[in-house]
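Structure, as structure tokens:
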Number of protein chains: 2
Amino acid sequence: MGLTISDVANSAGVSTATVSRYLNQPHLVSPDRQERIAKTIAELNYVPNNMAKALTTNQTTTIGVIVPDINNVYYPPIVRGIEDYLTECGFVSFLCNTDQNLSREKRYITTLRSQQVAGMIFVGSRPSNPSLSDHLAELRRSLPVLMVNDDMLDGKVSSIGSQEAGGIYQAIKYLHSLGHRNIAFISSSVPLNTYIQKERGFCHAMEHLGLGPAGQWIFRDAKEYEAGGFSAMKKIMELSKAPSAVVAATDQMAVGAVHALLEHGYRMPRDYSVVGYSNSCISSTTYPGITTIDQHGYELGKQAAQMLVQIIHGAEDDLSAHYLDTKLVIRKSSGFCMTGE
Amino acid sequence: MGLTISDVANSAGVSTATVSRYLNQPHLVSPDRQERIAKTIAELNYVPNNMAKALTTNQTTTIGVIVPDINNVYYPPIVRGIEDYLTECGFVSFLCNTDQNLSREKRYITTLRSQQVAGMIFVGSRPSNPSLSDHLAELRRSLPVLMVNDDMLDGKVSSIGSQEAGGIYQAIKYLHSLGHRNIAFISSSVPLNTYIQKERGFCHAMEHLGLGPAGQWIFRDAKEYEAGGFSAMKKIMELSKAPSAVVAATDQMAVGAVHALLEHGYRMPRDYSVVGYSNSCISSTTYPGITTIDQHGYELGKQAAQMLVQIIHGAEDDLSAHYLDTKLVIRKSSGFCMTGE
DNA sequence: TATTGAAATGTAATCGCTTACATTTGCTAT
DNA sequence: ATAGCAAATGTAAGCGATTACATTTCAATA
């Protein structure tokens with residue numbers, strides 16, 4: 001505890017500079033001293049003080065990871081992907097939960113800046129009002145920043161995400177191929193870019209397939225998650241012209257919808273087909289398993305970390321936006337349309 | 001970017017010492033200078049360099065949080081609880097995933113030590129071979145350390161956990177009250193303390209209730225999680241003397257068991273009652289919802305962080321082990337025993 | 001008015017490390 | 001033998017903060 005580089009230097013009978021070189025550029029140290037220093041370090045159980053190193057070199061190997069809520073099934077795979085890649089590269093990550101609360105986010109940014117983080121990754125869709133993200137564009141001017149699952153600051157902050165609109169399109173096309181024609185979309189009125197994107201994908205798909213106008217089929221609830229899906233589904237069931245299939249903007253909403261259906265005695269996929277989004281763990285643990293659009297969260301996180309590290313190493317053509325393809329995962333909540341028309 | 005305290009001092013026409021005092025002990029600075037310094041800091045958007053502070057004061061406000069896998073539904077609530085409390089106290093947390101891999105854990109410990117963390121929290125049950133945790137007892141000698149959900153180093157490292165044996169006892173008592181007499185327990189042969197504890201709770205309960213000997217009713221699978229529960233349940237269904245209820249050591253195993261039952265056409269709670277452990281998100285999103293033992297993960301995390309902060313501030317009667325009470329959460333997977341005997 | 005002491009401020013050493021620059025060592029080429 | 005050079009090592013300044021100690025300020029008291 002509290003050993004310093006000069007303790008090691010003294011013990012090994014060399015100068016601090018030599019120890020430091022051994023630690024950072026071993027090839028500059030003669031083999032015999034390398035051995036002596038190595039032995040001393042092991043004996044003393046010396047661990048370099050990274051604070052001092054950071055202070056001299058003016059750079060750290062810490063990254064801030066800002067996430068709405070690690071408790072939301074959506075994020076753990078992404079965070080895990082980020083962490084795994086960063087660890088591989090010798091970085092450590094600070095985890096911060098904002099609950100989508102702007103002032104919490106700003107407070108964290110200040111804290112992370114004072115920690116001299118080498119960069120920050122913002123995970124999750126952002127408010128659709130772009131000015132609520134101005135501070136990120138500003139931040140980007142002095143620090144490597146990357147956004148995951150939101151590209152709305154295009155041209156200002158690099159990002160990576162999944163093809164959300166495309167994923168929903170995929171879902172609709174799949175349902176269409178099963179014979180479904182009346183397809184509802186469960187979204188939320190919470191003003192986040194992700195809902196806008198997915199609704200857009202829904203509208204495009206419906207219109208391309210000649211199932212439009214799509215607007216009438218979009219149901220937005222003020223709540224997100226299960227509760228939102230549940231009450232949106234209740235409204236849908238009351239419609240005189242009921243759809244045979246429902247796509248939800250998130251797996252959680254899909255779960256809520258499924259519960260509403262089960263509660264009414266409906267069965268899937270006989271009476272309704274339900275499709276979610278993200279292939280989070282809950283879509284496979286529910287009964288029936290929910291068909292969903294896999295957004296490859298873990299991979300998303302890994303690539304995000306990779307991009308950030310590239311930016312940090314200055315080896316990037318700067319601003320870019322990458323998109324991962326989504327993949328349809330078929331489970332038991334969806335099937336052929338049984339509504340004879 | 002890169003502003004220092006002397007930039008602020010110059011700008012404000014005071015010495016660095018005064019600025020530093022303003023930042024740390026404002027009452028030592030006259031009101032007029034406070035105002036001037038505040039204004040300068042705001043104008044310049046100065047953020048103190050915590051590396052430098054850490055170096056001089058020889059203490060940081062960072063905590064290492066070591067978790068097996070943030071992607072496992074068991075941990076996010078705990079981590080979130082930890083993070084929330086730490087944030088409240090002005091700390092930041094490093095998140096580290098070990099996958100129960102000892103060398104990963106040790107590597108992280110070294111990294112965290114070099115980051116001069118003020119303390120570490122180890123989340124999750126540890127291997128039942130106590131010598132695999134010797135390094136934690138050792139670590140504790142030079143650093144505040146706390147364990148969550150494992151108390152096997154009693155007397156060496158403080159800990160907080162849930163009453164695992166008691167929780168299982170609660171579950172058995174509940175099933176007994178519903179008329180169940182033949183109750184199986186799904187555990188894992190992975191050598192973790194948590195399984196040992198829970199099996200112990202199971203045996204106690206069964207014997208106290210006169211349902212023993214309990215050993216014959218314990219089914220251990222080599223796998224954990226859904227897969228383990230699934231195959232354990234398959235074996236249970238093959239028994240000539242089938243139980244009417246099953247308790248699983250984790251919610252994931254319970255989910256696996258439920259799937260196995262559904263696959264065989266059994267219905268819950270008519271044919272089988274199933275109970276899980278931890279009240280993780282999946283126990284409420286499955287169908288039917290799974291009766292489970294709530295271990296209050298979020299609260300556990302909060303109190304863990306609180307204990308660690310106390311240890312850091314030296315305000316603790318040192319080594320202690322706290323246990324949160326568990327709570328039975330009844331859902332649709334359990335009910336009266338329907339097996340006429 | 002001179003003295004005193006508390007309050008406010010400043011000066012400068014220090015934390016542990018890196019690194020530019022200086023020095024030493026040990027060859028090679030003349 | 002010796003200049004010349006590369007490799008290995010050492011010396012010491014500096015990173016941005018804190019803080020012990022020194023100094024200044026100024027109001028209260030004699």
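Owing to the predicted nature of the structure, the values given are computational and were not obtained by experimental measurement. These numbers come from the heavy atoms of this one structure, side chains and all, not from hydrogens, waters or symmetry mates. Labels below follow one simple rule: chain letters A, B, ... track the order of the sequence lines, proteins then strands, and each chain is numbered from 1.
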Could you give the [atom1]-to-[atom2] distance, from [X] to [N], as a whole number of Å?
X: B/Gln116; N: D/dA17; atom1: CD; atom2: P; value: 18 Å
X: B/Ile5; N: D/dC15; atom1: CD1; atom2: P; value: 14 Å
X: B/Asn50; N: D/dC15; atom1: CG; atom2: P; value: 19 Å
X: A/Lys53; N: D/dA17; atom1: NZ; atom2: C1'; value: 20 Å
X: A/Leu55; N: D/dA17; atom1: CG; atom2: P; value: 9 Å

* Inter-end axis angle, the helix from C/dT1-D/dA30 to C/dT30-D/dA1, with every axis fitted to five base pairs (rounded, 10 degrees) ->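 The angle separating the two end axes equals 50°.
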[X] and [Y]: side chain donor to acceptor below 3.5 Å:
X: A/Asp84; Y: A/Tyr298; answer: yes
X: A/Ser159; Y: A/Tyr323; answer: no
X: B/Ser114; Y: B/Thr111; answer: no
X: A/Asn24; Y: A/Lys53; answer: yes
X: A/Tyr74; Y: A/Gln295; answer: yes
X: A/Gln310; Y: A/Gln306; answer: no

* Just checking B/Asn49: base, sugar-phosphate only, or nothing, at a heavy-atom cut-off of under 4.0 Å? ->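 Sugar-phosphate only.
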* To do: Using a strict cut-off of less than 4.0 Å between a Lys/Arg side-chain nitrogen and an Asp/Glu carboxylate oxygen, indicate whether A/Asp134 and A/Lys156 qualify as a salt bridge.
  =>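 No, this pair does not count.
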* **B/Glu83/B/Lys302 ion pair, N-O < 4.0 Å** =>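 No, no charged N to carboxylate O under 4.0 Å.
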* To do: Say whether, by atom type as modelled, one donor and one acceptor occur between the side chain of A/Ser320 and the main chain of A/Ser158 under 3.5 angstrom.
  =>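 Here the side-chain-to-backbone pair does not exist.
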* Kindly state which residues belonging to residues 9-27 of chain A come within less than 4.0 angstrom of DNA chain C, counting heavy atoms of the residue only, listed by number. =>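 Under 4.0 Å from DNA chain C: A/Ala17, A/Ser20, A/Arg21, A/Asn24.
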* Hey, what's the ring geometry for A/His313 with A/Phe91, parallel, tilted or perpendicular (30° and 60° as the breaks)? ->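 Answer is tilted, since the angle falls between 30° and 60°.
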* To do: Flag yes if more than 12 heavy atoms outside A/Glu35 fall under 6.0 Å of its CD atom; otherwise flag no.
  =>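 12 or below, so no.
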* Asked: Taking 5' to 3' order, which nucleotide of DNA chain C is first and which is last to have an atom within less than 4.0 Å of a heavy atom in chain A?
  ->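 Going 5' to 3' along DNA chain C, contacts run C/dG16 to C/dA20.
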